[in-house]
Amino acid sequence: MSMKTFFGIEIPKRNAKCAHADEELVAGERVYSVINQGEEGFLRDDFCEKCWNEIKDGESVRSALTYWKSVYPEKKVEEKEVFLDRDEKALSFFKTMASSTSLDEQQQAYILGLYLARRRQIYNRKEFINDDEQATILFEVASTQDVIPVRKFEFSDLDVDAIQKVLAKKLKD
């Protein structure tokens, strides 16, 4: 499964197996993720640390669009509460707004992304310029490993006070 936005970027989810050794990735293990451009979109390969050390100097890594290191998380098995806490609400809004075609919601998603990254609910994995010449940030959701692309804005182009008021109202309700 992948996440798609209005500017057509689809980033595949993290794999459960090492792309090189075809072995299950284990919670707490260092994992290296590589994004390459394929004929029909982006391709993602995830490697355990042992395999990464074998392939890191290879052509597929040198020619990659981006790559990063992370830790394979433990699966959380818990019952969800009916009422979401503030960070869960923010994450829910963030996912919705990131895929919106509305400029206002894209700007709100960018600001929420910065907030959630500070709260360690998501991780800023990479920033790049997409085919439309727009700066884009790849955020990875800590709990699900979904990668969500979000358009980056210059703060001078944003009405931060207005965005803050809108987000505060949404998170309060």
Side-chain angles (χ1 to χ4, degrees), residues 1-5 8-38 40-100 108-128 130 135-152 167 170-171:
M1 175 172 235
S2 60
M3 177 57 105
K4 186 172 185 171
T5 66
I9 296 176
E10 290 186 50
I11 306 296
K13 288 177 96 173
R14 178 180 291 150
N15 298 300
K17 292 185 176 187
C18 174
H20 188 69
D22 200 35
E23 294 178 6
E24 293 288 327
L25 297 172
V26 179
E29 178 179 25
R30 286 190 185 119
V31 176
Y32 296 82
S33 299
V34 178
I35 303 288
N36 283 299
Q37 181 73 43
E40 296 190 23
F42 292 106
L43 305 172
R44 179 177 180 159
D45 291 315
D46 298 296
F47 302 94
C48 65
E49 188 166 28
K50 179 183 172 208
C51 292
W52 175 256
N53 290 329
E54 293 175 15
I55 61 109
K56 69 181 176 185
D57 296 323
E59 180 59 31
S60 65
V61 175
R62 283 196 305 266
S63 64
L65 175 63
T66 186
Y67 60 89
W68 64 86
K69 175 177 77 171
S70 59
V71 175
Y72 199 80
E74 293 183 28
K75 291 187 178 183
K76 294 181 179 178
V77 180
E78 59 185 57
E79 290 186 32
K80 293 196 175 198
E81 294 182 25
V82 176
F83 301 102
L84 300 176
D85 71 8
R86 185 181 186 106
D87 288 349
E88 289 172 330
K89 265 187 177 179
L91 185 58
S92 176
F93 286 131
F94 171 74
K95 289 177 181 178
T96 302
M97 288 184 240
S99 61
S100 174
Q108 292 169 22
Y110 173 64
I111 298 297
L112 269 180
L114 298 176
Y115 166 78
L116 290 166
R118 176 127 174 112
R119 302 283 297 166
R120 298 183 186 195
Q121 299 296 310
I122 61 175
Y123 303 113
N124 181 338
R125 291 297 183 205
K126 189 69 174 182
E127 183 177 322
F128 66 97
N130 68 16
T136 302
I137 300 173
L138 297 180
F139 287 108
E140 182 178 11
V141 179
S143 61
T144 64
Q145 298 88 45
D146 289 337
V147 177
I148 301 173
V150 174
R151 182 176 167 192
K152 181 180 179 186
L167 292 175
K170 285 182 179 182
L171 294 174

For D87, the side-chain contact (heavy atoms from CB on, under 4.5 Å) test, sequence neighbours excluded, returns D85, Y115, R119, Q121
Run the salt-bridge test on K69 and E49 with the 4.0 Å N-O cut-off and return the result as yes or no.
no
Any sub-3.5 Å donor-acceptor pair from S63's side-chain atoms to E59's backbone N or O?
yes
With sequence neighbours excluded, tell me which residues meet side-chain contact (heavy atoms from CB on, under 4.5 Å) with E23.
A21
In short, I122 meets V141 closest at the heavy-atom pair CG2-CA, 3.9 Å
Is the closest side-chain heavy-atom distance between L25 and N15 below 4.5 Å?
no
Check whether E29 reaches the backbone of V26 with its side chain - one donor and one acceptor, N or O, closer than 3.5 Å.
yes
Could you measure the distance from the SG atom of C18 to the CD1 atom of I55? Nearest 0.5 Å is fine.
8.0 Å
Main chain of L43, side chain of N36: is a donor-acceptor contact present, judged purely on distance under 3.5 Å?
no
Applying side-chain contact (heavy atoms from CB on, under 4.5 Å), name anything that partners Q37, two or more places apart in sequence or on another chain.
F42
May I have the step-by-step check of side chain to side chain donor-acceptor pair (under 3.5 Å) for R14 and S70, ending in yes or no?
CA-CA 11 Å; R14 178 180 291 150; S70 59; 2.7 Å; yes
Taking the side chain as every heavy atom from C-beta outward, state whether I137 and Y110 have any atom pair closer than 4.5 Å.
yes
For the residue pair V147 and W68, what are the closest heavy atoms and their distance?
CG2-CZ2, 4.4 Å
L167 vs I111 side-chain heavy atoms within contact, under 4.5 Å:
yes
Do F128 and N130 come close enough that some side-chain heavy atom pair is under 4.5 Å?
yes
Set of side-chain contact (heavy atoms from CB on, under 4.5 Å) partners for T96, sequence neighbours left out
none
Residues two or more places apart in sequence or in another chain: which of them pass ring-ring contact (aromatic ring centres under 6.0 Å, His included) with Y67?
W52
Approximate separation, where rounding is to 0.5 Å, of F47 CZ and S60 OG:
5.5 Å
Which heavy-atom pair separates L138 from P149 by the least distance, and what is that distance?
CD2-CB, 3.9 Å
Would you find a donor on one side and an acceptor on the other, under 3.5 Å apart, between the side chain of K89 and the backbone of L171?
yes
What I'd like to find out is whether the side chain of V34 reaches to under 4.5 Å of the side chain of R44, using heavy atoms alone.
no
Please report the C-alpha distance between T66 and R125 in whole Å, then the side-chain angles of each, then the deciding distance to 0.1 Å, and finally whether the side chain to side chain donor-acceptor pair (under 3.5 Å) criterion is met.
CA-CA 9 Å; T66 186; R125 291 297 183 205; over 6 Å; no
Under the side chain to side chain donor-acceptor pair (under 3.5 Å) rule, collect the residues that match up with R118, sequence neighbours excluded.
none
Closest heavy-atom contact between A90 and L112?
O-CD1, 3.7 Å
